[in-house]
Chemist: 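My questions will all concern the structure given below.
These numbers were taken from a predicted model, which means no experiment stands behind them. Order of the sequence lines fixes the chain letters, A, B, ..., with proteins taken first and strands second; residue numbering starts at 1 for each chain.
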Amino acid sequence: MSAQYSFTEIENKWQKQWENTQLYRVSIDANKPKYYVLDMFPYPSGSGLHVGHPLGYIASDIVARYKRLNGFNVLHPMGYDAFGLPAEQYAIQTGQHPAVTTEQNIQRFREQLNIMGFSYDWDRQVKTCDPNYYQFTQQIFALFFEHWYNKQSQKAEPISNLIAHFENHGSDQLHAHGGKIEAFTPQEWKAMSALQQHNILNQFRLAFIDETTVNWCEAMGTVLANEEVINGLSERGGYPVVRKKMKQWSLRITAYADRLLSGLNTLQWSDAIKEIQRNWIGKSQGAEIDFVVRGTLKTLKVFTTRPDTIFGATFMVVAPELENLQEFCSEDQWPAVQAYANKAKNRSEIDRMADTTKTGVFTGMEAINPFTGEPIPVWVSDYVLANYGTGVIMAVPAHDERDFAFATTFNLNVIPVIKPVNSELELPLKEAFSAKDGVCFNSGFLDGLPVKEAIGAAIEKVEKAGWGQAKVNYKLREAGFGRQRYWGEPFPIVYNEEGIPQLVNPLPVELPQVESYKPTGNGESPLSAVSQWVNTPHGKRETDTMPGWAGSSWYFLRYTDPQNTQELASKEALSYWQQVDLYVGGSEHATGHLLYSRFWTKFLYDLGYITWDEPFQRLVNQGMIMGEDGQKMSKRWGNVVNPDDVCAQYGADTLRMYEMFLGPLTDSKPWNTHGIEGVSRFFGKFWRLFYEGEQWAVTQETPTAAELKILHKTIKKVTEDIESMSFNTSVSAFMVATNELGTLKCRKKEVLETLLILMAPFAPHITEELWSQLGNTSSIHIASWPKYDASHLVENSFSYPISINGKTRAQIEFELNASEADIQATVLSHELVVKWMEGKPLKKFILVKGRIINVVV
RNA sequence: GCUCGGGUGGCGGAAUAGGUAGACGCGCAGGACUUAAAAUCCUGUUUUCAGUAAUGAAAGUACGGGUUCGAUUCCCGUCCCGAGCACCA
């Protein structure tokens, strides 16, 4: 090896060496504590990685290497989220099979990842499009299909339990989370046809066939999830999206809404992500109250979070999509209502949201406010959503902005019933008073009660009078699980002659070859054209495929035992590796992958497959690296920086170090080509600590106190930084140490060797090389992490244990000119009182970082 | 509109159980080496004022208040930027 720092040579050499010796291969080792550090696996796109991608991978690799050096058995795998739309779009355009292009892309990703020297155990690589993998995705789907959610035991239970319940008790005493059914007796259940029974069970299965309004994208010929639609256009491609009724598979995620909410409190995630999930789940507590429609026996059920305002409910509004709308309309108003409802249906979401003025039509009917006994008009308006609550509201214009706007537009009655605690409302109201810290008035028995108490009192009254009951609502919707696409997991489902879905065995149900990847355009998947695959002796196969998030909702479990052909992972592997200790990835998956993974984990926990019910204990969201122009890096802007090029020019260690040096991991920041020069220079200086010109210069001399101080300061700093994931300041610490040791011309083995270990997680290649040049025969990556010794950090000072403001501080160091024998020090509050021995007056000394900065006589 | 973050030199950013603000890097300026350049190394670099200079003084972490011996850090108010949610009753 030459005396110059030749990174290309060094990096190639050690990457090969690590591969040959399988240095990063791990297996279960009961004698070591485990640590599981995981990156969000990438979708292997055709354009490869840019310098933004590795940011999180570098951070997790540093932690993985650090934990190994600290004696942990570290699981640090990588894989590919390989099913998805881009490969399929590419297939439609070129006719190339998605499996072929995906495999090519994976090879490219693998090469790029290897160049950067990550310590993955590649034997554990998973690909979601591999039948060996997706047979278990199908199996988990089958488990969802075969289970229902028992609200009493608060967990998923086998569907056979539910059938037994129906056989013994009918629909009585049912605590199942699910859809609405008509009551039936055990005898009636037994007399039902298979199809009738199926229709009832379908209301409770956790994987079920749902008839819902879906986001239909005509251009792509497929259904999209809510999060794939932005402002009425598809996220990918920007095609228009319309609402359409369709039957498709869904997962009953709402059964887990409460647990998904409360589980957040146990996690070390950023507040931002937790908040996004909380908003998404959208729990709100209130009451459902029945309003009798005047002159009929019918009732309109409303959901409200503000039953305390019910004395001010002066009209009602029903959603135009309500199915039995006509029942709540007078004959003469029906044509107008119907016209309005039709118009609302065809109005796109984007129009509806953009329109701030309220529209609506009177139904011609009135309902009775149960609290006041007064008749109030019933209106139809599209500001009320059919799929939230009951699709009907009681409008309290005095205390709700939307109701106020509506009442103003149509000149409806406004009755204030809540006023501020210490003042009066200004009448007539100019805007709704929606604050929750008010007091009731004009409200009969609620008068004088503060809002919070009045809510409880109103609900109590409602329940006693039999008008309704307390109710919790969620914004969270069932998770649509079908896509009319080719490149995804096929469902393990066939439909028999009666159209009843049946599970298929054995798994996997492999994806067949097709002539064309194009969607049929009538809403069916390209698979429906493969008749020899679709038609089986047991019936017709389901031709939809699973959505992109299916495979990614459990892959972290598969890494523990990726080659297992019998089960998704062995009990032994799962109980050893357990949940992910540290998960690193982008925040854009907050309401998708991160929520679904939690849902699947809780389900598998209920079934006893795993013993923990949260997948990712600690989550860190790395920021984005922008182009130098501040734009997001993309081909479109022509501002993509390729990591291969950077590695070729500066080396992988420099790239790794520089990406960490750019700023806090979680911040977004621009890539700056000049900045990398500084890190590159640093490696030159670092190398020259070991070489004097051409000459190897490391000596065996004993380090001086000053040198040990530099070393131990660095150990302390870097250790704390890695624990808190502040990698940017660690890089600074290495630079400082290198500069200081360079100034001291310190070439002592004891110091340099320890410094190498500290830097090994950041710059694995150069440290490995110098480590071996120092004469070590085993890899630096299995060395032990150094501990710092505080005694080296104190110099020319006396230290006294003291306490400040009642809190104990271990020690405070300070410098004094007088010798210790001359003074006597005591501590009062935050002040150190130093008394001279020879009867001089008391003086108070104010300490700042161990130095006396002020003297108060 | 609501909910979270965040405003520090020319730039990226350090420093918060309150304690010498501006670490480290970039850029810039000057110097050494060189015939010259590159590379490398050294020095300086918040602002203002005073001084030939070493140096000294004052101000300074978006703005205005407060608590404190002491505030970038804690509290109240204002402004600005970013992210998320957005007719969810």
Chemist: Between A/F734 (CZ) and B/C24 (P), how many Å, whole number?
Modeler: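 The answer, rounded to whole Å, is 16 Å.
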
Chemist: Considering every strand shown, what is the Watson-Crick or G-U wobble mate of B/A21 when both distances are under 3.5 Å?
Modeler: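 Pair assignment: B/A21 / none.
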
Chemist: Side chain of A/H674 only, heavy atoms from C-beta on: which candidate in B/G12, B/A89, B/C26 is closest?
Modeler: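 Side chain of A/H674 sits closest to B/C26.
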
Chemist: In whole Å, what is the span from the CD1 atom of A/I276 to the P atom of B/C2?
Modeler: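 Interatomic distance, CD1 of A/I276 to P of B/C2: 19 Å.
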
Chemist: Sticking with atom C1', work out how far B/A14 lies from B/G22, rounded to a whole angstrom.
Modeler: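 These two C1' atoms come out 8 Å apart once rounded.
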
Chemist: Quick one: A/N728 CG to B/A23 P, roughly how many Å, whole number?
Modeler: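 That distance rounds to 15 Å.
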
Chemist: Check whether the ring centres of A/W671 and A/Y658 lie less than 6.0 Å apart, and answer yes or no.
Modeler: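 Distance test on ring centres: under 6.0 Å, yes.
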
Chemist: Which one, B/C24, B/C85, B/A89, comes nearest to the side chain of A/V736?
Modeler: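 Between B/C24, B/C85, B/A89, the one nearest the side chain of A/V736 would be B/C24.
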
Chemist: Once you round it to whole Å, what is the distance between P of B/C24 and CZ of A/F686?
Modeler: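 Distance, rounded to whole Å: 18 Å.
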
Chemist: Provide, to the nearest angstrom, the distance between the CD atom belonging to A/E740 and the P atom belonging to B/A23.
Modeler: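 From A/E740 CD to B/A23 P: 14 Å.
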
Chemist: Using Watson-Crick or G-U wobble geometry with both distances under 3.5 Å, which nucleotide pairs with B/A32?
Modeler: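 For B/A32, the partner nucleotide comes out as B/U40, under the 3.5 Å rule.
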
Chemist: When the P atoms of B/G60 and B/G1 are considered, how many whole Å apart are they?
Modeler: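 Pairwise P distance, B/G60 against B/G1, rounds to 33 Å.
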
Chemist: Does A/N739 place a side-chain N or O at less than 4.0 Å from the phosphate oxygens OP1/OP2 of B/G25?
Modeler: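 Yes, such a contact exists.
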
Chemist: Counting the atoms with a prime plus P, OP1 and OP2 as sugar-phosphate, which does A/P670 contact under 4.0 Å by heavy atoms, base, sugar-phosphate, or nothing?
Modeler: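 Counting heavy atoms under 4.0 Å across all strands, no contact is made by A/P670.
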
Chemist: Counting side-chain heavy atoms from CB outward, which of B/A89, B/C87, B/G25 is closest to A/T305?
Modeler: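 Selected nucleotide: B/A89.
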
Chemist: Who does B/C85 pair with, Watson-Crick or G-U, both distances under 3.5 Å?
Modeler: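 Paired with B/C85, as far as the under-3.5 Å criterion goes, is B/G1.
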
Chemist: Quick test of your reading of the model: are A/K709 and A/E740 salt-bridged, counting only N-O distances below 4.0 Å?
Modeler: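 No salt bridge links A/K709 with A/E740.
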
Chemist: Below 4.0 angstrom from OP1 or OP2 of B/A89, is there any side-chain N or O of A/Y383?
Modeler: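 Result: no.
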
Chemist: Counting only side-chain N and O atoms of A/R688, is one of them less than 4.0 Å from OP1 or OP2 of B/C41?
Modeler: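 The answer is yes; a side-chain N or O of A/R688 sits under 4.0 Å from OP1 or OP2.
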
Chemist: Please work out which of the three classes, parallel, tilted or perpendicular, describes the rings of A/F727 and A/F762, given edges at 30° and 60°.
Modeler: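 Rings of A/F762 and A/F727: perpendicular, as their planes differ by over 60°.
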
Chemist: Can you confirm if the aromatic rings of A/F371 and A/W467 lie within a centre distance of less than 6.0 Å?
Modeler: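 Centroid separation for A/W467 and A/F371: below 6.0 Å.
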
Chemist: Pick the P atom in B/C81 and in B/C76, then give their distance to the nearest Å.
Modeler: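 Those two atoms are separated by 23 Å.
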
Chemist: What's the gap between B/G19 and B/C74 when it is taken at their P atoms, as a whole Å value?
Modeler: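 Those two atoms are separated by 11 Å.
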
Chemist: Check whether any side-chain N or O of A/R681 sits under 4.0 Å from OP1 or OP2 of B/C26, and answer yes or no.
Modeler: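 Yes, such a contact exists.
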
Chemist: In the strands shown, is B/G27 matched to any nucleotide by a Watson-Crick or G-U wobble pair with both distances under 3.5 Å, and which?
Modeler: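 Here B/G27 is engaged in a pair, and the nucleotide opposite it is B/U45.
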
Chemist: Rounding to the closest angstrom, what is the interatomic distance between B/G27 and B/G12 at atom P?
Modeler: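 Result for the P pair: 15 Å, nearest Å.
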
Chemist: Hey, which sits more toward the 5' end of RNA chain B by its nearest nucleotide, A/V731 or A/S726?
Modeler: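 The residue whose closest nucleotide sits nearer the 5' end is A/S726.
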
Chemist: I want to verify a distance call: between B/C85, B/U3, B/A89, whose nearest atom is closest to the A/E275 side chain?
Modeler: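 Within the option list, the nearest is B/U3.
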
Chemist: Want to settle it: does A/S732 or A/T729 sit nearer the 5' end of RNA chain B, counting the closest nucleotide to each?
Modeler: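 Taking each residue's closest nucleotide, the earlier one in sequence belongs to A/T729.
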
Chemist: When you check the gap from the basic side-chain N to the acidic O, do A/D667 and A/K669 get nearer than 4.0 Å?
Modeler: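 A/K669 and A/D667: not salt-bridged.
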
Chemist: Closest to the A/K475 side chain: B/C24, B/G13, B/C85?
Modeler: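 Of B/C24, B/G13, B/C85, B/C85 is nearest to the side chain of A/K475.
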
Chemist: Just name whichever nucleotide pairs with B/C79, Watson-Crick or G-U, keeping both distances under 3.5 Å, else none.
Modeler: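 For B/C79, the partner nucleotide comes out as B/G7, under the 3.5 Å rule.
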
Chemist: Output the distance between atom OG1 (A/T363) and atom CE (A/M316), rounded to the nearest 0.5 Å.
Modeler: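 Output value for this atom pair is 10.0 Å.
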
Chemist: Can you tell me whether the base of B/G70 sits syn or anti, using the 90° cut around 0 to define syn?
Modeler: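 That one's anti.
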
Chemist: Hey, would you say the A/F406 and A/F315 ring centroids sit under 6.0 Å apart?
Modeler: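 Between A/F315 and A/F406, which both carry aromatic rings, the centre distance is below 6.0 Å.
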
Chemist: Looking at B/G25, B/C85, B/G13, which one has an atom nearest to any side-chain atom of A/N279?
Modeler: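 Closest of the options to the side chain of A/N279: B/C85.
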
Chemist: In whole angstrom, give the distance that lies between atom CD1 of A/I310 and atom P of B/A89.
Modeler: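 To the nearest whole Å, that distance equals 16 Å.
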
Chemist: B/G77 and B/C69: how far apart are their P atoms, nearest whole angstrom?
Modeler: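 It works out to 24 Å between them.
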
Chemist: What interatomic distance, in whole Å, is found between C1' of B/A86 and the corresponding atom of B/G6?
Modeler: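 About 22 Å, rounded to a whole number of Å.
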
Chemist: Sticking with atom P, work out how far B/U73 lies from B/G18, rounded to a whole angstrom.
Modeler: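 Pairwise P distance, B/U73 against B/G18, rounds to 12 Å.
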
Chemist: Which nucleotide, if any, forms a Watson-Crick or G-U wobble pair with B/U55, using both distances under 3.5 Å?
Modeler: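 Result: B/A50.
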
Chemist: So how far is it from A/I459 CD1 to A/E463 CD, rounded to the nearest 0.5 Å?
Modeler: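 If I round to the nearest 0.5 Å, the distance is 7.0 Å.
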
Chemist: Given atom CE of A/M735 and atom P of B/G13, what is their separation to the nearest angstrom?
Modeler: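 After rounding, the reported distance stands at 15 Å.
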
Chemist: Just name whichever nucleotide pairs with B/C74, Watson-Crick or G-U, keeping both distances under 3.5 Å, else none.
Modeler: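 B/C74 is paired with B/G66.
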
Chemist: Distance check: side-chain N/O of A/S284 vs OP1/OP2 of B/A89, anything under 4.0 Å?
Modeler: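 Answer is yes, contact under 4.0 Å.
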
Chemist: Between B/A14, B/G25, B/A89, spot the one nearest the side chain of A/F661, thanks.
Modeler: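 Nucleotide nearest to A/F661's side chain: B/G25.
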
Chemist: If I take atom CG in residue A/D721 and atom P in nucleotide B/U16, what distance separates them, rounded to the nearest angstrom?
Modeler: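 Value for this atom pair: 10 Å.
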
